[in-house]
Amino acid sequence: MQGKEMGNSVKDPHTSAPWRVGVLFSRTGFMSVIEETQLRGTLIAIDEINENGGINGRPIEPVIYDPGSDVRSYGQYAKRLMVEDGIRTIFGCYTSASRKAVLPVVERLDGLLWYPTLYEGFEFSPNVIYSGATPNQNSVQLCKMLMEQFGTRFYFVGSDYIYPRESNRVMRELVRNSGGTIVGERYLRLEADRTEFIPVLRDIKRAQPDVIFSTVVGESTTFLYQAYHDIGLNPKSLPIASLTTTEAEIRAMGYDVGEGHYTAASYFQGVETEGNSRFVARYRGRYGDDEPTNTCLEASYFQVNLFARTLEQTNSLDTKLLRSSVMGAEFDAPQGCVSINPLWGHADVWTRIGRANRRGQFDIVFQSPSSVSADPYLVGYGRCLENC
Ligand code: ACM
């Protein structure tokens with residue numbers, strides 16, 4: 001196959017052929033509220049790199065598919081990218097369910113999935129680079145703050161799939177081992193509409209928790225917060241706390257509806273770094289002044305940059321080469337300096353807690369002094385809040 005690219009491992013050192021990469025985010029369906037922004041973060045990074053001459057003189061060319069928020073489609077498109085399009089590196093997925101659908105494909109065909117979303121931890125694959133936060137980088141600090149400021153009675157509400165159930169397993173352990181209780185736990189289907197949240201909110205009123213911990217994702221997030229707002233609860237005494245309610249979901253639900261609720265994330269639009277001011281200005285310039293950035297978008301952006309730096313060294317999209325070379329790589333991201341933890345293949349990212357304000361932004365109420373080492377199996381934690 002002389003002269004033809006096989007998985008982009010072109011041997012000709014003088015070629016100017018593009019580096020082809022796969023991109024899998026949903027632009028349609030109930031996950032598009034957040035995944036569209038992840039697609040944008042990916043494409044902004046690719047465009048910036050290409051405007052600066054590409055990697056070793058070759059542009060990055062994204063091959064983009066829209067899985068339409070259908071979990072199985074992520075696996076099918078991943079296979080298509082690898083088998084039909086000859087691609088090895090894929091940027092994509094928001095839900096852990098979609099990541100789990102892509103996992104067997106990249107493992108069997110030796111691809112590399114760059115996954116830019118916070119998740120429940122307790123996973124390791126040599127075929128995945130995890131760029132989002134794990135529970136030691138968000139849940140632990142969030143739980144501590146909530147118990148100190150609001151109380152010990154937690155109510156869990158989540159979408160019904162692996163991330164909410166596993167994330168709640170960790171949160172339950174943290175709450176219980178620190179003297180708290182879970183007074184209610186409800187899961188709704190991923191596509192749940194507004195009416196389905198009304199009985200949940202009634203049950204919350206009956207159970208009288210101090211905090212609602214939400215692991216609801218996608219469009220349903222809007223319905224949870226709107227139902228909360230409609231029923232007349234007050235975030236000053238009973239806030240919703242979450243890891244998945246970003247500026248994008250707040251914009252979709254209405255700023256007044258989101259105001260007063262808490263989110264733990266590595267990045268908020270209001271982070272004060274020079275790099276972030278430039279990043280936000282560039283994003284607004286491209287998508288409009290009322291389009292906010294968010295933590296999932298930012299992770300999508302920085303992981304492409306980490307990939308690009310690594311590719312500059314390897315000059316090859318070979319999965320093993322890329323993976324071994326990205327370990328320990330650093331990037332001055334909008335959130336601050338991030339790196340890929342060589343022990344885990346997960347990113348060392350910052351921990352922040354924000355409280356949503358009337359402008360749809362988060363006032364940052366907690367920030368780690370530096371990035372926090374990834375610990376996806378919580379080996380460094382006694383599963384309680386005393387020593388964090
Ligand atoms: C998620 O499903 N990892 C938010």
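All ligand and atom numbering here is 1-based and tracks the order in the structure.
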**Request:** Enumerate the atoms of ligand 1 whose separation from the nearest heavy atom of Tyr94 is less than 4.0 angstrom.
**Result:**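 Taking each heavy atom of Tyr94 in turn, ligand 1 has 1 (C), 2 (O), 3 (N), 4 (C) under 4.0 Å.
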
**Message:** Once you restrict to heavy atoms under 4.0 Å, what part of Tyr119 touches ligand 1? Side chain, backbone, both or neither.
**Reply:**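 It is both parts that get close, each with some atom under 4.0 Å.
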
**Item:** Distance-only polar pair, side chains of Thr246 and Glu249, donor-acceptor under 3.5 Å
**Value:**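 Checked: Thr246/Glu249 side chains pair up, N/O donor to acceptor below 3.5 Å.
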
**Asked** Taking both backbone and side-chain atoms of Thr117, is any N or O found less than 3.5 Å from an N or O belonging to ligand 1?
**Response**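 Such a contact does not occur with ligand 1.
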
**Asked** What about Arg99: any of its N or O atoms under 3.5 Å from an N or O on ligand 1?
**Response**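 Looking only at distances, the answer is no, because the N/O contact criterion of under 3.5 Å is not met.
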
**Prompt:** What is the nearest protein non-hydrogen atom to atom 2 (O) of ligand 1, stated with its residue, atom name and distance?
**Reply:**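 Result: Tyr161 OH, 2.6 Å.
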
**Asked** Quick one: does Val372's side chain get under 4.5 Å of Gln141's, heavy atoms only?
**Response**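 They are not in side-chain contact.
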
**Message:** Measuring only between side-chain heavy atoms, which start at C-beta, is Ile162 closer than 4.5 Å to Glu120?
**Reply:**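 In contact.
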
**Item:** Closest candidate by heavy atom, reference atom 4 (C) of ligand 1, pool Leu118, Ile162, Thr134
**Value:**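 Answer by nearest heavy atom: Leu118.
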
**Sequence neighbours excluded, every pair satisfying salt bridge (charged side-chain N to carboxylate O under 4.0 Å, His left out) that has a member inside residues 348-374** =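 For residues 348-374: Glu259-Arg358.
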
**Prompt:** With Trp344, which residues qualify under ring-ring contact (aromatic ring centres under 6.0 Å, His included), at least two apart?
**Reply:**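 Tyr377.
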
